[in-house]
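Taking it in order: structure first as structure tokens, then the write-up.
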Amino acid sequence: MAFLSSFKSTVFLWVLIGASCGNPTKGQKTNEEPTSSAQKAAPQAPIIVAANNTAAYLPLLEGKKIGIVANQTSVIFKYPKDVEESIKPYTHLVDSLLLHHITIKKVFAPEHGFRGRADAGEKVKDEVDAKTGLPLLSLHGKNRKPTAEQLQGLDLILFDIQDVGVRFYTYIATLQLVMEACAENNIPMIVLDRPNPNGHYIDGPTMEEAHTNFLGMTPIPLVYGMTIGEYAKMLNGEGWLANAKTVDLTVIPLKNYSHTRSYHLPIRPSPNLPNDIAINLYPSLGLFEGTTVNAGRGTEQQFQRYGASFLDSLKYDFTYTPKPNFGSKYPKEEGKRAYGKDLSQTPKMNEISLAWIQDAYENSTKRDAFFKTAGFTRHAGTTKLQQQLEEGLSEAAIKASWQEDINAFKVIRAKYLLYD
């Protein structure tokens, strides 16, 4: 019963997702005049993900043979009044559609697999889902783009995956390849939209065409401030799919969402993004993926710390030792004492920080081996950022070099926004 009570509290907190978090803490001063309870603004309505809006898309699925692109985040949430019905506060989309007698023929899974358990970059094999008996076709194994053979016999593709709004997070690359496959095989596509937890800002270097790869396939900044549904509309509208083809696309929108609202992800979107802090720090600390520095993989604070055995031990009083764990079978600096910084108490970020990668580079005893140049370029989308960091440019100077491209992107982005 104690577990159920705690569980109820957790679900109730989820329903309040997106409520304003800007109230001053005790002891802080404010310029606002005191207000009575009656004058206080009413709580914001909860954000409703598109998957919950079944009335908007079930009629589009009836009588059709569909394929679903999904993972562990593809769920329909329940509300507190429904908690007694189940231990979990959600139903997986696949299970829900089967209960509605929708004909699902195949499920396509992105990086990390249908259950979200595979390591970053780990190849995922095709298999059969033990619960439903449906074929699970990996889009991170022998192919990343659905083949014509895999799409044969399907009338429609339904896409529903929680993204985090960072260019090198591969779910948007999977979205693009699925859209291309649908365009080439004349199969309509529906995207069920979900909030972007990093949708409140735009920042970072823009992907250059010469360096496009699975970590960045379009000319967008590192943090692009769009939901996955808005991004799908942009891919279609800007002719960014292969051969400038377009797909018959329907986006089912969110309710009560704006880009400035905070959003807590109730389910970790991948093994190494365990909480809101990690997701918020990921745009900044994800750049360490292209270096030899550990960014928390092999600990329980992934993307909430960084360190390495070759950082100057006299400069840091925080240490940790990465070890194999869930989502990280072979972490960098495995078994070594890593010297670095704990960032788990960092306030919410509204921009990318280069301070931490600059700090690590400046205090590295092995600067010539700091960058894994090919990998860093794939993450940054440009060779310029590594050069700027090696030359010791200030963060302000580096960020100034991004602005022209960011401003040009904002003009494009504005055409496809579904929310304020």
Are R367 and E362 ion-paired here, with the side-chain N under 4.0 Å from a carboxylate O?
no
Distance-only donor-acceptor check, side chains S344 and Q301, under 3.5 Å:
no
Distance-minimising heavy-atom pair for E149 and K106:
O-NZ, 3.7 Å
Electrostatic pair K145:E184 at N-O distance under 4.0 angstrom:
yes
Apply the test side chain to side chain contact (heavy atoms under 4.5 Å, CB included) to residues V191 and M189: give CA-CA distance (whole Å), side-chain angles for both, the deciding distance (0.1 Å), then the verdict.
CA-CA 7 Å; V191 174; M189 186 168 170; 4.2 Å; yes
Minimum side-chain heavy-atom gap I398-L354 below 4.5 Å:
yes
Output field: ring centroids F409/Y224 closer than 6.0 Å:
no
Return the set of residues passing side chain to side chain contact (heavy atoms under 4.5 Å, CB included) with T365 (not counting sequence neighbours), or none when no residue passes.
F310
Taking the side chain as every heavy atom from C-beta outward, state whether Y169 and L273 have any pair of such atoms under 4.5 Å apart.
yes
Pairing of K315 and D359 as salt bridge, 4.0 angstrom limit:
no
So do the side chains of I279 and P269 get within less than 4.5 Å of each other, counting heavy atoms only?
yes
Test item: E62 and I102 side chains (from C-beta on) under 4.5 Å apart, heavy atoms
yes
How about L192 and V49: do any of their side-chain heavy atoms sit closer than 4.5 Å?
no
In the structure I gave you, are the side-chain heavy atoms of T103 and K64 within less than 4.5 Å of one another anywhere?
no
Taking the six-membered ring where the residue is Trp, are the ring centres of H200 and Y263 under 6.0 Å apart?
no
Please report the shortest heavy-atom distance between E230 and T227, naming the atom on each side.
OE1-N, 2.9 Å
Is the positively charged end of R144 above the ring of F214, judged by distance under 6.0 angstrom from the centroid and angle within 45° of the axis?
yes
At their closest point, which heavy atom of P221 faces which heavy atom of D203, and how far apart are they?
CB-O, 3.6 Å
Go through the side-chain N and O atoms of K348 and S262 and say whether any donor and acceptor fall under 3.5 Å apart.
yes
Short side-chain donor-acceptor distance under 3.5 Å, Y171 and S270
no
Just by distance, with hydrogens left out, do T174 and E111 show a side-chain donor and acceptor under 3.5 Å apart?
no
Looking at every non-hydrogen atom in both residues, tell me the closest pair between P283 and V223 and how far apart they are.
CB-CG2, 3.6 Å
Quick one: do K131 and D95 make a salt bridge, cutoff under 4.0 Å?
yes
Roughly how far apart are N71 CG and F114 CZ, rounded to 0.5 Å?
8.0 Å
4.5 Å side-chain heavy-atom contact, N256 and Q44
no
Between E391 and Q387, is a side chain to side chain donor-acceptor pair (under 3.5 Å) present by the stated rule, with each step listed?
CA-CA 6 Å; E391 291 170 3; Q387 295 168 359; over 6 Å; no
Could you tell me whether R378 sits above the aromatic face of F168, with NZ or CZ closer than 6.0 angstrom to the six-membered ring centre and within 45 degrees of the axis?
no
Say you draw a straight line from CD1 of I357 to CG of L385; how long is it, rounded to the nearest 0.5 Å?
7.0 Å
Which word best sums up how the rings of Y306 and F288 line up, parallel for under 30°, tilted for 30 to 60°, or perpendicular for over 60°?
parallel
Against Y231, only a single residue in N236, T218, D163 fulfils side-chain hydrogen bond (donor to acceptor under 3.5 Å, both in side chains); can you say which?
T218
Could you tell me whether K399 atom NZ has more than 12 heavy atoms of other residues or ligands within 6.0 Å of it?
yes
Heavy-atom closest pair (I352 atom, E395 atom, distance to 0.1 Å) is O-OE2, 3.8 Å
A quick test of your reading: do over 12 heavy atoms of other residues, nucleotides or ligands sit less than 6.0 Å from CG of N407?
yes
Say whether Q388 and S401, considering side chains only, have a donor N or O and an acceptor N or O under 3.5 Å apart.
yes
Return yes when atom CD of Q403 has more than 12 non-hydrogen atoms of other residues, nucleotides or ligands closer than 6.0 Å, and no otherwise.
yes
Any chance the side chains of D193 and Y419 put a donor and an acceptor closer than 3.5 Å?
yes
Quick check: does any side chain N or O of N213 sit under 3.5 Å from a backbone N or O of L215, one acting as donor and the other as acceptor?
yes
From K336, E333, R337, residue fulfilling side-chain hydrogen bond (donor to acceptor under 3.5 Å, both in side chains) relative to S309
E333
By side-chain hydrogen bond (donor to acceptor under 3.5 Å, both in side chains), which residues pair with R194, not counting sequence neighbours?
D160
Y320 and N294 side chains, donor-acceptor separation under 3.5 Å
yes
Minimum heavy-atom distance between T246 and A183, given as atom pair plus value:
O-CB, 3.5 Å
Derivation and outcome, salt bridge (Lys or Arg N to Asp or Glu O under 4.0 Å), residues E289 and R297:
CA-CA 10 Å; E289 298 290 86; R297 292 186 189 269; 2.6 Å; yes
Could K415 and E238 be called an ion pair, given the rule that one side-chain N must be under 4.0 Å from one carboxylate O?
yes
Would you find more than 12 non-hydrogen atoms of other residues, nucleotides or ligands less than 6.0 Å from D420 atom CG?
no
Using a 4.5 Å cut-off on heavy atoms from C-beta on, say whether the side chain of E404 contacts that of T206.
no
